[in-house]
Amino acid sequence: MHEILIKNAFVIDPIQGIHGDIMDISVRDGRIVDKVSGTCEVIDAGGNLTLPGGIDSHTHVCGTKVNFGRYMSPEDMRAGRTPRRGAMYHTSGYTVPTTYGNSYRYSKMGYTTLLEGAMAPMEARHTHEEFAATPMQDMLANTLFDGNWNLFEAVGDKDIRQAAAVIGWTLSAVRGFGVKLTNPGGTEAWGFGDDLSSIDETVPNWDITPRDIIDTSIKACEFLHLPHSVHLHCNNLGMPGNYRTTLQTLDIPSDLNPDRQTLYLTHVQFHSYGGSTWGDISSEAEKVASSVNTKPQVVIDMGQVMFGRTMTMTADGPMEFRLYTLHHNKWSNHDVELETGSGVIPVYYSRKSPVNSIMWAIGLELALLVKNPWQCMLTTDNPNGAPFVKYPEIIGLLMSNLYREKELDQVHKLTTDRTSLGTIDRELSFEDIAVMTRAGQAKALGIIDQGKGHLKEGALADIAIYPVKPDQTDPSLQYEEVIGAFQQTLYTLKDGFVVNRDGEVIRGIPNRTFWVNANLPDDMDVMKSPRFVEKFSRYYSVDLENYMVQDDYVERGIEMNTHVA
Amino acid sequence: MEDKIRHVICPYCGCLCDDILIEMTGGEISGVENACTLGARKFLDDAGNRLKGPIMRKGDEWVDISYEEAIDYAVKVLSEADRPLLYGWSGCMTETQAIGAHLAELIGGIVDSTTSVCHGPSILAIQEVGHPGCTLGQVKNRADTIIYWGSNTIEAHPRHLSRYTNYADAYFFHNAFRERKVIVVDVRKTVTAEIATEFVQIDQGGDYHVLSALRAIIRERGGVIPDMVAGVPKAQLIRVAEICRQAKFGALFFGVGITMTGGKYKNIRNAIEFISELNRYTKWTISPMRGHSNVYGSNEVFTWISGYPFAVDYSRGIAFYNPGETTAVDILARKEADAALIMSSDPGAHFPRVCSEHLARIPTILFDPYPSATTHLCTLQIPTAVNGIDAAGTAYRMDGIPIMTRRFMETVYPTDTKLMQEIYDRIRKVKEDA
Amino acid sequence: MKILVNTGRTVVQGSHVGRKNSPEYFRETSNLRLNPVDMMEIGVDDGERIKATTDGISVVLMVTSDEMIKRGTGFLPLGPYANTLVGGTTHSTGMPDFKGAEVNIEATGEKISTVGELMRHLGGLPYGR
Amino acid sequence: MMQVTLTMKPRAKPFLPIEAEMIVPMNFIGSRELFVWEGNKKRRLEDVFTVRKEGNVNSPENIVVILRGDTGRVKRVGEYMSSGIITIEGDIGMHCGNFMRGGNIVIHGNADGWLGREMRAGSILCHGNAGDYCGSGYRGEKRGMRGGKIEIMGDAGDYLGEYLTGGEIHVHGNAGMFAGAEMRGGTLKIDGDVRIPAANMSKGTCIIGGVAHEMLPTFEKTGEKNGMVVFHGDVANKGKGELMIRQVQENSALQ
């Protein structure tokens, strides 16, 4: 039996409705309990901010393209190098650190759960292998369906049940968690070097549109009762004027699920651009945020851009090629047969660039203009907008108007004309931040019942104690203290053990992988469909029997069983 | 007793064909279907050649020793060395490769894989300009134009053409074989060249020049190109460039014929830039023809652990990478290493002579099921189970697709994963006690 | 005569990498393919031996004529014989000059070393036969 | 003035590399303990070198560090150095003068690879030969040497001045293959012969006083200047570099 008592914690737990009470937290064998024995280990939180462990609902830390970002960038590995010490392996890298680098740094910031944003089913083993080497967090993998031929056929047949059958089988087969659509249809078009420019354009060689793919997938997700909704990277990422596509996409879903959103739009900053060229690009964050404000069925994440160098990586192959023709730096592309694509290129976001400055402002506008923090998650689409180590600075910017004004002075002056950032004086509270960095994620991902994102009795004892006393700190003025506090916890607890203390990993705990087993009735089993099996063997380059991910890869898996309606 | 095992993965080359059928009779492999000659020989012929147990060189004699003694020796040598080299890994599964990287970290060694003498230059090129690639099924279903450059595919990767390119079923063609064009570029007329629609024979060391010329032609600057480039007439270059531009989906595969010559990584870089340029007009991808079954796995594992795909030097605790300085051939040729661990590879057969001489001079521990050229050079050889036959694990195909190999035979041999883990644990204890 | 030696994989070499000490591997990897005209010039026939020398290091090889080989060049399958002729420099890239080594060849009556003997010359101790 | 003389002691394993980036003039002000790495072992500077200090100063520009003995395997000497002088009496190991920002390094013997890698300012004079990648960048990095001057009295190895971005490299002897590859600025001057010069250059000036072997087909001849043929290129990448050559090898196998 292992017990810990955390005393004098300033707790904010939005899921439980605890808004900043000084209280004690009892932990036994990895779970939050009512009380512990008098002899257990005691941690004095000293009135410091205590939150459930952080959850990143959209990050790229494991798998083929992340590793390709590392592989092609020895120059990046010259930063962030630390030797093996204590319980820590060595680390390297800044924009695409090694798995241990990611894991330790997230842990230092109090994060205990990460969702890898994009896993190609065919390359799932790779993602799971890296999950096993990301020891400080529990992991989930959103699985890519944007160019999935089997799904396309079901969409073409307008057969939601069949679409659900494909999605359900694939998630179970590759130990995936949720449905990710990245530039739906566009990645298939990129197979022959094309892209799509509207959600109503027909996918080449297929009689369907992105709208059809999105709509069918949403309904199939709900049919399957998946914990998470469709997780969508809209078409036209990064194109001036793309806010129209985003608004049209926002109009697709009706409110189908009482427990969570019906559609999760990711890195919306990259999808809220007005104008028609790089020369007249402007922010349309107000229009996008207004739309979100009228749609409780939608959750977005920011995809905030922060200045400096980083690596962009996405399944959106055609977008990365466009970016390459602008930057003319290195370009990697990796199309995955019958499923999806991907691209990786390094970028540098500069304060001197009007476009980059406007991008920076749009992310902040979105977070400040979306009224309900449960509808806007704090992300950078790590590492696309910036490495996640910049989250504390983003928190500072959202909590302090003064800091924003100071920063706005440093960026390209067109930002003031082309965005509304300078006119917004909303300052987010500690509670808003708690929602946007853990509680909201737990709800959006549907993992509250797994004991994530809150400190209710029975919850997993994932806890972050930050060196800041909210009742004695004015973030509006003392934003630097707030940033410092979120950069490094006093303690990070995972499964009831202190795993990180003052920035040092002091012990590892075997992590878990949450995956969905969609229990399908026999008549929905695609393995029994001759058409499915025959097509698979003709057009995939591996045997079906070698495609499915073996149990060995999810030894510490948490199987989330779902059942169709 | 006869038994048929399907969907076996061939552990020979980077194609990792996963449709092999093995027939077993009385616990022995009696037949192999679907494999090429190379793979079939590995399944059928190698079995009788395995070492029975560890062997150690004592003076002018080879003596049999126990696994326990062998591990004791390995622990002692590796924990005491000032600059140990841990080389090979491409025949190991990722599970072992990961332990290897952590072992190098633990003992302050250099970990390098056979990459450095295979597609290391390709990685250096990718680190300069990136890599527009794809999975092999993408080529199979879509490509109407294939280039094999410096790759004698029919001899080195015999099933590549039938599984992934020329002779494979394609979703987007009715008669793929008739509709595909194959261009072969090589310095000699190989058997692969004989099936080409267009064979471009270049002078030894002329790859870079030819690629530069092709890039210029694609950029509409063909005017500056002389009538002949490295033995290739300009007219043919213009014709090839046009075929490339007209392709709906093109795929260039390159072999060690271009990574080992002249400018080495500069050749590959030029090829990648040629392909990147073609993507402004149509769709093209480029892919290295990886030799060892799991060489790509070693690159992937070393990358997520250390940030670098091969040639990682941990002598100062942190990871340092600089091929040419931290690569196995250079470390041995400069006589830096004072101990070596060779994992299922054969530098004795594949390294320059000065490297082999140095291996014979220092304590060299070889993990290999079979006697090889390196056997004669090493101090200790430890046989293990064979990955893909009586041991299983994760391997990465040449295009990055991870596959779990199958273990389909009982064995008396320990796996390299188990042995490596034991060595790691023992050395960690030594270091912690110190 | 000076020639440029290219190395590469062959099916026979590749089929026997698990049996490096077999006669098949030995025969294949010590077999230099030359243009028939070059062979006439140095006065050797198919199956006869030559001594290949580079940087003062020599190795005895068998020769086979091959019309596909350009004059002034030779092809030797990957293996320990080929690597005897490869120097240790990698031009600081990690990759030695496996292709295009400049080698002097002359007819010889000397016998071809086995793989084990070749390793003995490098300081090793042949195992087995 | 202050003179620090470091004399290499005999070593049990003389082939082990030594990493000694702490050998820069500034570090000899005061008396703090300095460490180098020999293989994977950290050693006190005094365990590897006999250290003799003469004089005492407060500012690095008045310090001369002299390396004596078998220093051909000592790496990273002068890394990040910003002022003062380092004199190497014999050969020096790899990465000498990495990221140098000022001061002078004089090498009387030969220098191994990556001499003056990513150098920003200051000067390096090598009386012997330089190894590969002199004045280059690091793997994956887009910029090599950005400023300062490197002068080689002997020959230089391959990939000389790869990604050269600024400053000047002058080689009095010959250079190996791919000199000036990916050049994007600065001046590369080679008095002797080279193979495949200025491949894929985009900017900068490359002057070859001897013979250019295996010249690339993608340079456009634009005229003559001072008895040299002037080319622009590399047109394979729309480059605007200038390549001047005394003599292009005729009948090259690759033309």
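Letters A, B, ... are given to chains in the order of the sequence lines, protein chains preceding strands, and every chain is numbered from 1.
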Contacting moiety of [X], where chain B heavy atoms sit under 4.5 Å:
X	value
C/Y25	side chain
C/V17	side chain
C/H91	side chain
C/L118	neither
C/L4	side chain

Is there a side-chain contact between [X] and [Y] (heavy atoms, below 4.5 Å)?
X	Y	answer
B/E194	C/M68	yes
B/Q204	C/N6	yes
B/H157	C/R9	yes
C/K70	B/Q201	yes
B/K264	C/D97	yes

Max heavy-atom pair count under 4.5 Å with chain C, selected residue of B/V386, B/L377, B/T327, B/V354: B/L377
When B/P371, B/C13, B/G120 are compared by non-hydrogen pairs under 4.5 Å with chain C, the top option: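 Most pairs with chain C among the choices: B/P371.
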List the atom of [X], the atom of [Y], and the distance in Å for their closest heavy-atom pair.
X	Y	value
B/F351	C/N83	O-CB, 3.2 Å
C/G94	B/V329	O-CB, 4.1 Å
B/L124	C/T93	CD1-O, 3.9 Å
C/M95	B/V117	CE-C, 3.4 Å
B/D330	C/T90	OD1-OG1, 2.7 Å
B/R353	C/L85	NH1-C, 4.2 Å

Nearest-0.5 Å distance, OG of residue C/S22 to CG of residue B/N49: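 Spacing of OG (C/S22) from CG (B/N49) equals 8.0 Å.
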From CG (C/D66) to CZ (B/R188), nearest 0.5 Å: 8.0 Å
